[in-house]
Amino acid sequence: MTTATDPVIVAKDLRKKYGDITAVNGISFEVRHGEVFGMLGPNGAGKTTTIEILEGMRDADSGDAIINGVNVKDDPTAVKAMIGVQLQQNAFFDKLKLSEIVDLYAKLYLAKVDPVEILSRVGLDNRKNAQYAELSGGQKQRLSIAVALVNDPVVLFLDEPTTGLDPQARRQLWELVRKIQAGGATIVLTTHYMEEAEELCDRIAVVENGEIIALDTPDALIDQLLSTGFKPEKRVREATLDDVFLNLTGHDLRD
Amino acid sequence: MKIYLALTVASLKMYFRNKQALFWALFFPLLIMIIFGMMNFDKYDSPNVGIYDAANNDASQALIEALKGNSDQKLLSVSTGTLDELHHELEFGSSRAVIEIPANYGIPGEFAEIKFTYDERFQQERAVIATILEKVTDAVFKETAQVPDEYRVENAIGISDSVITGQGQGFKAWLIPGVAAMAIMQTGLFTVVFTLVRFKSQGVLRRLKATPIGAAHFLAGQLTTKAIVVVLQTYVLVIVGAIVLGVSIGGGRLGAWFDLTILALLGGALFIAIGLAVSGWAKNEETAAPIANIITMPMMFLSGVFFPLSVMPDWLTRWSQYLPLTYLADGMRAITVEGAAITTLGNELIGLGVWIVISFAIAIKMFRWE
């Protein structure tokens, strides 16, 4: 039995090579219960490979990934059964209604859910009879999060959930992530957007060349940088262009 | 089991909502069947005749050879076998007459009565065959008989007629099961290849890999769905074909539909497995399509779908008789045209079985989620 203080994810010295390329080069970290843990880093840094090892989608060459007390390499099926996954390239069956997609995935986990209730959690209940291909980018991302929630996961993995979304849709997704966190889930997410990490994440791991080069809370990381005497090139203004855009176009979702 | 059912139901829904795929699955086979069915290929054939040789001596052999004609002029297409087999062929239309050579044929001093049985519905062929039989018997007798000149053929050989009303229905009836078999191949292979390869390239399969289900669950669901589709398609094609072209199926035997279902399922399983193997190997639609075509195109023409294997050169049929579609088309034709029961189709069932095992082994080896 795990308690709130036990880590729900333990990664120990994970390593993975594709041919000559080292994707993950000794990554270790822990994620606590109820935390939103962010992984940042440029493309090809090893974020997705690390997450896919934790998800049981990919075998590590060495090291251990333990989710909620279960070692992934011992029982990947058990791990898959208790996590929720949003992949970077997600797609769902066409010719099925959204409610049917959610229902099908629930059955794959042998979970009993009300598909419309799950869709309402991500604000898609009014689109329950639509098909996947008819959705906008933001709606597709929200559907894939809805599908990731069908088994009431212990850990939710979100791989670049807001890439390609407009500012309104991104903000709506942030709301959704906070809501899911408030519901008691632990969330691991990757992102390229720093303000997103700052906004959502309790702690951040910065990944570069398959290694974690920094790991702390966003505030602590910023303080560390400032303590070295760092000064931003341009004086930070009170508002950003993002704020301007949202102020002009409104916060309402467009899809 | 619940997971398997959920996947099967979902993929059935997807298939039947895809109106375009449904249309093409039925449109082309029906079009081909009706166009070819309206052409009358029957009249170009040299008539098929079953010859039962009770005498089995030099004289009777000489007669049979003469009836076949020579390379310059082919007279009759001759098949041999037991009397029962030959009468069955006549009954169900794969031959037009049975000629029985009596045991005393060619024995000097004996009067041999050749029995000539024909299908009354094919008077034109009867006349052709009867004339050939008469002329050739006469000629052969004059060449080979070791008898005095005054010993006339009329005194040595007689030809007695007998008539049946067969159920054979010519090329139209022959065509329907072939096209239905071809449609099983096309649907089985192409729908599997295109759905799976699309799912793979879009990442649908990747997402499924992230769930606790195994590949076997998913593939079993796919297999069941496509097998159901293939059987329904076979029913539609055979029924519509029979109505439009005005032929009866399996000599009216109700069990023929059960046998047809079994064969459609076996054929479906076989071509679905080939489809799974191709889609396991191919990364996207562009590489899958040519491979699927390379597999199906030769079989369309070499497996006796549109034309009987007997019109092809021997060196070709020596190979093409082992093709998966040949076994399926032959089996379905035996059931629908010749009124055979599935239990008599040893060759075809073994052939299909071997191909199913080979294809599934390759399919399992080739399957990839992404």
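Only heavy atoms go into these numbers, but all of them, side chains included; no hydrogens, no water, no symmetry mates. Bear in mind the structure is a predicted one, so any value in this text is a computation, not a measurement. Letters A, B, ... mirror the listed sequences (proteins, then strands); counts begin at 1.
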Point to revise | Most chain A-contacting option - heavy-atom pairs closer than 4.5 Å, from B/Ala6, B/Ala210, B/Gly203 | key: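 Highest number of pairs under 4.5 Å: B/Ala210.
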Exercise for review: Considering only heavy atoms and a distance below 4.5 Å, find which of B/Arg206, B/Arg198, B/Lys13, B/Lys2 pairs most often with chain A.
Suggested key: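 Among B/Arg206, B/Arg198, B/Lys13, B/Lys2, the one with the most close pairs to chain A is B/Arg206.
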Review point. How far does NZ of A/Lys95 sit from NZ of B/Lys19, to the nearest 0.5 angstrom?
Key: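 Here the interatomic distance stands at 8.0 Å.
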Heavy-atom cut-off 4.5 Å, strictly under: side chain, backbone, both or neither for [X] against chain B?
X: A/Asp103; value: neither
X: A/Tyr105; value: side chain
X: A/Glu55; value: neither
X: A/Leu110; value: side chain
X: A/Gln86; value: neither

Check your understanding: So which heavy atom on B/Pro212 is nearest to which on A/Ala81, and how close?
Key ->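 What the structure gives for the nearest pair is CG-CA, 3.6 Å.
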Hey, is [atom1] on [X] packed in by over 12 heavy atoms from elsewhere, all under 6.0 Å?
X: A/Lys179; atom1: NZ; answer: yes
X: A/Tyr18; atom1: OH; answer: yes
X: B/Tyr235; atom1: OH; answer: yes
X: B/Asn293; atom1: CG; answer: yes

Review point. Which bit of B/Lys209 is near chain A, if near means a heavy-atom gap under 4.5 Å: side chain, backbone, both or neither?
Key: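 B/Lys209 touches chain A through backbone and side-chain heavy atoms alike.
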Check your understanding: Tell me, do B/Leu7 and A/Lys107 make a side-chain contact under 4.5 Å, heavy atoms counted?
Key ->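 Result no, sub-4.5 Å side-chain heavy-atom pair not found.
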Review point. Does the side chain of B/Leu208 reach to within under 4.5 Å of the side chain of A/Phe93, using non-hydrogen atoms?
Key: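 Counting from C-beta outward, B/Leu208 and A/Phe93 do come under 4.5 Å.
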Exercise for review: Please check if the side chain of B/Arg17 supplies one atom and the backbone of A/Asp94 the other of a donor-acceptor pair under 3.5 Å.
Suggested key: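 Pair absent, no side-chain N/O of B/Arg17 close to backbone of A/Asp94.
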Point to revise | Option in A/Leu87, A/Val147, A/Ile83 with maximal non-hydrogen atom pairs under 4.5 Å from chain B | key: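 Looking at each of A/Leu87, A/Val147, A/Ile83 in turn, A/Leu87 comes out on top.
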